[in-house]
Amino acid sequence: MVPPGNGNGAAAAAAAAAGNDVILELSTPGDDWSHELQGDDVEANGGGNGDAPPRRTFSFGQAYKTRHRQPQVFTVWQTLMLGYQSLGIVYGDLGTSPLYVFPSVVLPDADATDFLGILSLIIWTLTLMSLVKYALIVLKADDHGEGGTFALYSLLRQHVNFKGNIPVPLTRLESDVHLKFHSKRRSRPSRLQLFLENSPTAQLAITIIVLIGTCMLIGDGALTPAISVLSAVQGIQSRSSHIKQKHVVVLSAVILVLLFLVQRFGTSRVSFTFSPIMLLWFASIAGIGVYNIVMHYPPVLKAVSPHYIYYYFAKNKRVGWEQLGAVILCITGAEAMFADMGHFNKSSIQVAFSTAVFPSLILAYSGQAAYLIKNPGDLSTAFYSSVPAPLFWPMFVVSTLAAIVASQSLISASYSIIRQSIALGCFPRTTVKHTSDKYEGQVYCPEINYVLMVVCVLITVGFQGGPEIGRAFGVAVIWVMLLTTTLMTVVMVVIWEVNGALAGGFFVFYLAIEGTYMTSLMTKVPQGGWVPFAITVAFLSVTLSWTYGRKKKREYEARHAVGDGEFAGIVSRSARVPGMCLFCTDLMDGVPPIVRHYAANTGSLRELLLFVTFRTLPVRTVLAGERFLVAREGARAGVYRCIAQYGYMDEQDMVGDDFVRAAVAALVEVAAAAAEADSGEEEAEMIGRAPASGVSYVLGRTVLRMRRRARNWPKRFVINELYRFLQKNFRSNVSTLKLDHAKTLQVGMIYEI
């Protein structure tokens, strides 16, 4: 197979004409493409066996690999401006945590020892988890500037050959086993890397960890708006005894519904207000914190000493341990530093956190602790009670706006996660609308938006704004933290080549901290902590049902692919009409069964047939020059195969003639490379004129049906009920690929499995 712009195919064409196995290895040194025939691989695939006809194999090697791009260099001013912008996108959730951390604590008869201990826990949790772990360590594990759970998984998939029975579709070919796509492969792989490559169970475990972490993060998209808006609106109760909790819940629900309804306009239209709001918020909470420290208890900053944590647990024992579920809320949103890194850069996020966010949060929590030491009875309304009376209403407005910003960041992150999941084949196709012409990452998913809106309102109304929402939020946060720690440890050993003892120390240290928080939160599962697990199970059921159904579909098509002899008969019996037909298939090799069904019902085939497979690679993007890999399918005239490659952030857009024009250009070069053959020049001319006679796209509209057998009822339920439901109620591949409907034909088939 050759990409556009390659004219060196004579050797490959000659080998094909000779009837030998052809292994085409592509590499991308700079802007050049080169082909090699791999003799060893030919023998391995049966080329040396004279008893059976040799099998033609395709290998794409480093065509998988995007060209290395020089890191963009930012000036100090650019870094500061990006840091300022990140305040409104990255730090909304983390920045608004002072609204609900102390109010979530339930500690009867609390005194100075208790508040200093809780403050010390908050300071060290923020320092170790947000500053050290995320800002200094996790941010280094980016996938060419992209962050998040899928970026970590993509990074691992680029360095470890995942194979076997895993839920996420495999995108590597057999000849890609020893390739790294963005860095040089170490000459001696680590023991952990060898273990992962040889253990399907470990690969399955990592994949499940990624899927669970992703579903938990989507759950944050429903929990964050609920707790943020509720915490901000609850402040009005302190101004009037006539305002009851039910009024707060109704007002919060109205705000939440409006928030989700305006999502269709896109974040770009309102994002210019985010950073000023958050800058005002951080300045306000820092200033009020300093005021409370000076006015109520100046020595409060002595809580930086961890021995106050010991005093706290020594006094409160089990009751103190149970409050860890409230303390962990101080780092809600820390994961956004990594998830939203693609919109900024590492330095800007670190600068914003270390110079604005971290100091402001420390001062805010210290101010609240100083106030509570003198006024312990105001614990349940700590934030608004600590605000000076003349500033109450301005702070109420700023708090509500900041809560909306915090909600927006997690909602937008949910859309991006769903988009990446769809691209990697892990989630049914939903509507993905781009809301900005300037920023590719700003997308909107209507179906996901309304699901989150319903879940968010149900949580708000169902729990009546009670402490259960905070417990649910804490459970979601700590599980995302634990899963990130696990993945980061693997990245350290396999990719960064960190000493095993250091990586193990990192894992044990953070497992001890996060595990302690988790043990406290797991006791809250019956009191609201079950919510993130329910959301995760729901999304995970959709993901696993979809990937299982797609896997069974691919297996059926591979088993029932049209053989060479049968295909030759189909071509000879069918009338060849002018024009070009693109058969879209998941098969990387072989003729899909849809061709058999299509030819039997139409009795004709276009003079130019192109079998197209859309392949999403575990890389951020694929350059335009590396998009197509094309080759002739056997020795039949006018029959070709094309692999269209995309990264998980690329959009598969086939509107207009650009896709066909680029594919035809590549086909002409393949035909020109075979010009030594008698029909080479004639075929090149035919390819060039075929699109002018009409272009059609043929896709299969398949229905999977699992036969009734003993002991297969769980799988039968998944295929016949869940997967079929998803097929009916989500978008088809026609709408996802953005094909021209006037040129598209769907062929219905039933696959009995």
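Heavy-atom basis, side chains included; hydrogens, waters and symmetry copies ignored.
Pairs engaging residues 399-421 under the ring pair (Phe, Tyr, Trp, His ring centres under 6.0 Å) rule: Y415-Y444 [sequence neighbours left out]. The ring pair (Phe, Tyr, Trp, His ring centres under 6.0 Å) contacts involving residues 450-473 comprise nothing, where partners must be two or more places apart or lie in separate chains.
Contact record, L256 with C456: CD1-SG, 3.7 Å, taken as the closest heavy-atom pair. For Y384 against S231, the heavy-atom pair with the smallest separation is CE1-O, 3.6 Å. Smallest separation of non-hydrogen atoms from P532 and G528: CD-O, 4.1 Å. In plain terms, the two heavy atoms of I349 and Y91 that are nearest each other are O-OH, 2.6 Å. Closest heavy-atom contact between L87 and A356: CD2-CB, 4.4 Å. Residue C330 comes nearest to L94 through the heavy atom pair O-CD1, 3.4 Å, listed as atom of the first residue, atom of the second, then distance.
Residues T127 and F358 are in side-chain contact: their nearest non-hydrogen atoms beyond the backbone lie under 4.5 Å apart. Contact annotation: the side chain of V537 approaches that of S541 to within less than 4.5 Å [non-hydrogen atoms, C-beta and beyond]. Within the 4.5 Å cutoff, the side chain of L502 has no heavy atoms near those of the M492 side chain. Considering only heavy atoms from C-beta on, V327 comes within 4.5 Å of I122 through its side chain. Proximity of Y312 to N316: side-chain heavy atoms (C-beta onward) are separated by under 4.5 Å at one or more points. For the pair F509/L128, a side-chain contact is recorded, criterion being any heavy-atom separation below 4.5 Å from C-beta on. Looking only at side-chain heavy atoms (C-beta outward), S104 and L329 come within less than 4.5 Å of each other. Using a 4.5 Å cut-off on side-chain heavy atoms (C-beta onward), M295 and Y371 make no contact.
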Would you tabulate the side-chain donor-acceptor contacts of residues 280-291 under 3.5 Å, counting partners in other chains and residues two or more places apart, or write 'none'?
residue	atom	partner	partner atom	Å
W281	NE1	G95	O	2.8
S284	OG	L280	O	2.7

Show which side-chain atoms of residues 387-404 pair as donor or acceptor with protein atoms under 3.5 Å away, not counting sequence neighbours.
residue	atom	partner	partner atom	Å
S399	OG	M395	O	2.6
T400	OG1	F396	O	2.8

Side chains of residues 209-228: which donor-acceptor partners sit under 3.5 Å, not counting sequence neighbours?
residue	atom	partner	partner atom	Å
T214	OG1	V210	O	2.8
T224	OG1	D220	O	2.8
S228	OG	T224	O	2.9

All N/O donor-acceptor pairs, side-chain side in residues 476-488, below 3.5 Å, sequence neighbours left out:
residue	atom	partner	partner atom	Å
T484	OG1	V480	O	2.8
T485	OG1	K133	NZ	2.6
T485	OG1	M481	O	3.0
T485	OG1	E514	OE1	2.9
T485	OG1	E514	OE2	3.2
T486	OG1	L482	O	3.1

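Each of I206, V491, V490 was checked for a side chain to side chain contact (heavy atoms under 4.5 Å, CB included) with L152, and the lone residue meeting it is V491.
Remark: the backbone N or O of A326 is not paired with any side-chain donor or acceptor of Y100 at under 3.5 angstrom. When atom types are taken as modelled, the side chain of T96 and the backbone of G92 share a donor-acceptor pair closer than 3.5 angstrom. A distance-only check finds a donor-acceptor pair linking the side chain of Q245 to the backbone of Q464 [under 3.5 Å]. Put simply, the side chain of Y297 never gets that close to the backbone of A369: no donor and acceptor are under 3.5 Å apart.
Remark: S520 engages W321, L324, K524 in a side-chain contact (heavy atoms from CB on, under 4.5 Å) (not counting sequence neighbours). Among residues two or more places apart in sequence or in another chain, the side-chain contact (heavy atoms from CB on, under 4.5 Å) test is passed with V405 by F274, I277, M278. Here H247 pairs with nothing under the ring-ring contact (aromatic ring centres under 6.0 Å, His included) rule; sequence neighbours left out. Scored by the ring-ring contact (aromatic ring centres under 6.0 Å, His included) test, F115 finds no partners at all (sequence neighbours excluded). Among residues two or more places apart in sequence or in another chain, the side-chain contact (heavy atoms from CB on, under 4.5 Å) test is passed with A382 by F102, P103, Q368, L372. Listed by chain and residue number, M522, W530, F533 satisfy the side-chain contact (heavy atoms from CB on, under 4.5 Å) test with V525 (two or more places apart in sequence, or in another chain).
Here the straight-line distance linking atom CD of Q78 with atom OG of S347 works out to 11.5 Å at 0.5 Å rounding. Atom-to-atom distance recorded for T113:OG1 and I118:CD1 is 11.0 Å, nearest 0.5 angstrom. Expressed to the nearest 0.5 Å, how far CG of D111 lies from CG of L116 amounts to 9.0 Å. Here the CG-CG distance, from L121 to L126, works out to 11.0 Å after rounding to the nearest 0.5 Å. Put simply, OG on S305 and CH2 on W124 are 8.5 Å apart, with the number rounded to the nearest 0.5 Å. Rounding to the nearest 0.5 angstrom, the gap separating the CG atom in N292 from the CG atom in N375 is 9.0 Å.
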Begin from the C-alpha positions of S130 and M337 and carry the test side-chain contact (heavy atoms from CB on, under 4.5 Å) through to its verdict. CA-CA 9 Å; S130 299; M337 283 194 281; 4.3 Å; yes
Handout entry: I448/F427 under side-chain contact (heavy atoms from CB on, under 4.5 Å): CA gap, chis, key distance, verdict
Key = CA-CA 12 Å; I448 302 302; F427 201 81; 4.1 Å; yes
**Request:** Go through the steps for Y134 and I331 under the test side-chain contact (heavy atoms from CB on, under 4.5 Å), then give the verdict.
**Result:** CA-CA 11 Å; Y134 271 92; I331 56 170; over 6 Å; no
**Q.** Derivation of the side-chain contact (heavy atoms from CB on, under 4.5 Å) call for K315 and D114
**A.** CA-CA 8 Å; K315 176 188 175 184; D114 299 318; 2.9 Å; yes
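Counted by atom type alone, Y365 and S97 present one or more donor-acceptor pairs between their side chains at under 3.5 Å. S120 and Y311 are not linked by any side-chain donor-acceptor pair at a separation below 3.5 angstrom, with hydrogens and angles left out of the test.
Summarising the local packing, NZ of K246 is surrounded by 12 or fewer heavy atoms from other residues, nucleotides or ligands at distances under 6.0 Å. Dense packing is recorded around NZ of K302, with more than 12 heavy atoms of other residues, nucleotides or ligands lying under 6.0 Å away.
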